[in-house]
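Data first, discussion second: the structure below is written as structure tokens.
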Amino acid sequence: MKLMEHTFLAITEAGVEDELAKEISGRFQVEVETDINKVYFKSDLSAVYEGNLSLRCMNRLILLLERSRFKNLDELYPIVKRVDYGWLIEPKRTFRIEVRRRGTHPFTSLEAASKIGQAVIDGYASSTGRKLKVDLESPDVEFWALIKDDEVQFGVNTTGGSLHKRGYRIYQHPASIRTTLACGLIYLSEWRSSEPFLDPMCGGGTIPIEAALMARKVPLDAFGREFAFFNLKFFDEGEYGKVKAKLKGEASDGPFPIYGIDISRKYIAGARENAKSAGVRDTVEFILGDGLNLNVLNFEPRFIVVNPPYGVRLSCPSLKEFYFKMINSVKKASSKATIVAVTTATNEFKAAARRAGAQLVEERRTFHGEMPGSILKLRI
Ligand SMILES: C[S@@+](CC[C@H](N)C(=O)[O-])C[C@H]1O[C@@H](n2cnc3c(N)ncnc32)[C@H](O)[C@@H]1O
């Protein structure tokens with residue numbers, strides 16, 4: 001029997017959409033469509049379990065229920081009301097509406113949430129005869145409405161809180177990178193897990209820890225996460241158990257040649273704590289040292305993924321010099337290497353790469369926290 005197909009919207013970080021698209025098409029053998037921060041695909045409901053447990057660049061997985069154009073708030077109401085809620089949510093469950101709005105509208109996000117919330121209550125009542133309750137603080141189920149100009153995409157959040165919060169980070173570095181962005185950068189580097197992988201400025205260790213979890217294929221529920229799909233009516237514990245067992249069977253112990261360097265004793269200690277908490281302390285070697293002097297290493301770094309300082313404290317000329325020394329140091333330590341870096345100082349990094357004679361093979365726009373930045377891929 002062919003299972004019913006649904007449309008999913010997987011949300012990710014800007015700049016790594018195609019890396020998530022490759023994860024999805026590789027895992028589910030489906031066609032994908034990408035947009036900024038988003039990847040769409042069609043699958044049966046088993047993708048809810050397997051996607052949330054295994055897609056490393058994904059922040060959230062939304063099961064889309066409606067996608068439609070509308071002119072005003074009154075037109076939004078019937079679009080949301082006509083959804084069949086009976087198979088999705090039990091009457092004892094509470095819900096909330098999360099609105100993400102882009103474009104200019106004659107209504108606020110709050111007004112849209114209120115209209116959509118009423119449409120859910122009325123739609124649920126007409127398909128089940130029961131009344132659903134709202135809980136704005138800690139609902140069982142969260143519906144998402146992404147409003148962009150005159151289009152609304154309405155669905156249910158199957159993930160819960162963003163997956164970039166893995167749950168292992170006990171030491172918080174002041175400039176840590178999001179785990180999901182880190183995974184996108186690692187994929188972009190095309191690292192093969194048998195080759196030496198290095199973050200020469202690893203801070204709290206996010207990038208090498210994510211590389212280790214990726215190589216070991218550790219499922220994303222490993223750190224005690226509860227998923228929002230546990231509260232959805234179609235949740236089938238037996239099926240979920242089978243997917244978990246399948247993913248457990250894919251896991252691998254290594255060893256893998258993964259290294260992190262930082263010049264700060266405090267940050268290296270924090271990175272070791274984080275790696276221990278993530279269960280990969282034996283998989284990553286953390287070295288207290290200078291990432292601008294890689295000659296001293298007893299291995300040849302081949303895949304370098306790094307989120308270097310971006311100039312809050314360094315002035316522009318010294319930042320250019322710093323980046324040049326970093327790229328040149330890789331060049332001296334390795335006959336052939338790929339560097340993937342994320343920085344908000346794009347021009348300084350590109351000038352440094354030119355001066356070091358490294359080839360810029362890709363450049364993408366992203367955000368580092370709230371700040372616009374770039375992902376740059378170099379070959380040496
Ligand atoms: C933006 S932070 C990296 C954050 C990290 N990706 C994380 O998620 O925690 C940059 C790091 O570069 C380190 N750093 C600066 N100069 C360095 C050098 N010469 N060698 C090694 N690390 C350096 C800083 O100590 C800082 O931890």
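Ligands are counted one by one from 1 in listed order, and the atoms in each one are counted from 1 as well.
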What are the two closest heavy atoms between Ile375 and Thr366, and how far apart are they? CG1-CG2, 3.7 Å
Looking at ligand 1, does any of its N/O atoms fall within less than 3.5 Å of an N/O of Ile263? yes
Ala175 heavy atoms, cut-off 4.0 Å: which ligand 1 atoms fall inside? 1 (C), 4 (C)
Which ligand 1 atoms does Tyr267 reach within 4.0 Å, using its non-hydrogen atoms? 25 (O), 27 (O)
Is the closest N or O pair between Thr206 and ligand 1 shorter than 3.5 Å? yes
Non-hydrogen atoms of Met201 and Asp262 that approach each other most closely: C-OD2, 3.7 Å
Students should be able to answer this: which protein heavy-atom is nearest to atom 15 (C) of ligand 1, and at what distance? Pro309 CG, 3.6 Å
Using a 4.0 Å cutoff against the non-hydrogen atoms of Phe322, which atoms of ligand 1 qualify? 16 (N)
Can Leu188 be reached from Val330 by stepping across I, L, V, M, F, W or Y side chains whose heavy atoms are under 4.5 Å apart? no
Between Arg302 and Thr338, is there a side-chain donor-acceptor contact under 3.5 Å, judged purely by atom types and distance? no
Using non-hydrogen atoms of the residue, decide whether Ala182 is closer than 4.0 angstrom to ligand 1. no
side-chain hydrogen bond (donor to acceptor under 3.5 Å, both in side chains) pairs, two or more places apart, involving residues 183-193: Glu23-Tyr187, Glu190-Lys377, Glu190-Arg379, Arg192-Glu195
In terms of atom number and element, which parts of ligand 1 are under 4.0 angstrom from non-hydrogen atoms of His173? 2 (S), 4 (C), 9 (O), 26 (C), 27 (O)
Near Pro200, which atoms of ligand 1 are under 4.0 Å from a heavy atom of that residue? 21 (C), 22 (N)
Between Phe70 and Phe154, is the ring centre distance below 6.0 Å? no
Is ligand 1 under 4.0 Å from a heavy atom in the side chain of Ala271, in the backbone, in both, or in neither? neither
Element-labelled atoms of ligand 1 that are located less than 4.0 Å from some non-hydrogen atom of Gly289: 20 (N), 21 (C)
Backbone or side chain, does any N or O of Asp262 fall under 3.5 Å from an N or O of ligand 1? yes
Counting from 1, what ligand 1 atoms have a heavy atom of Gly291 closer than 4.0 Å? 18 (C), 20 (N), 21 (C)
Closest protein heavy atom to atom 10 (C) of ligand 1, given as residue, atom name and distance to 0.1 Å: Asn307 O, 3.6 Å
Does any N or O atom in Gly204 lie less than 3.5 angstrom from one in ligand 1, N or O only? yes
For the residue pair Phe235 and Phe230, is the inter-centroid distance of their aromatic rings smaller than 6.0 Å? yes
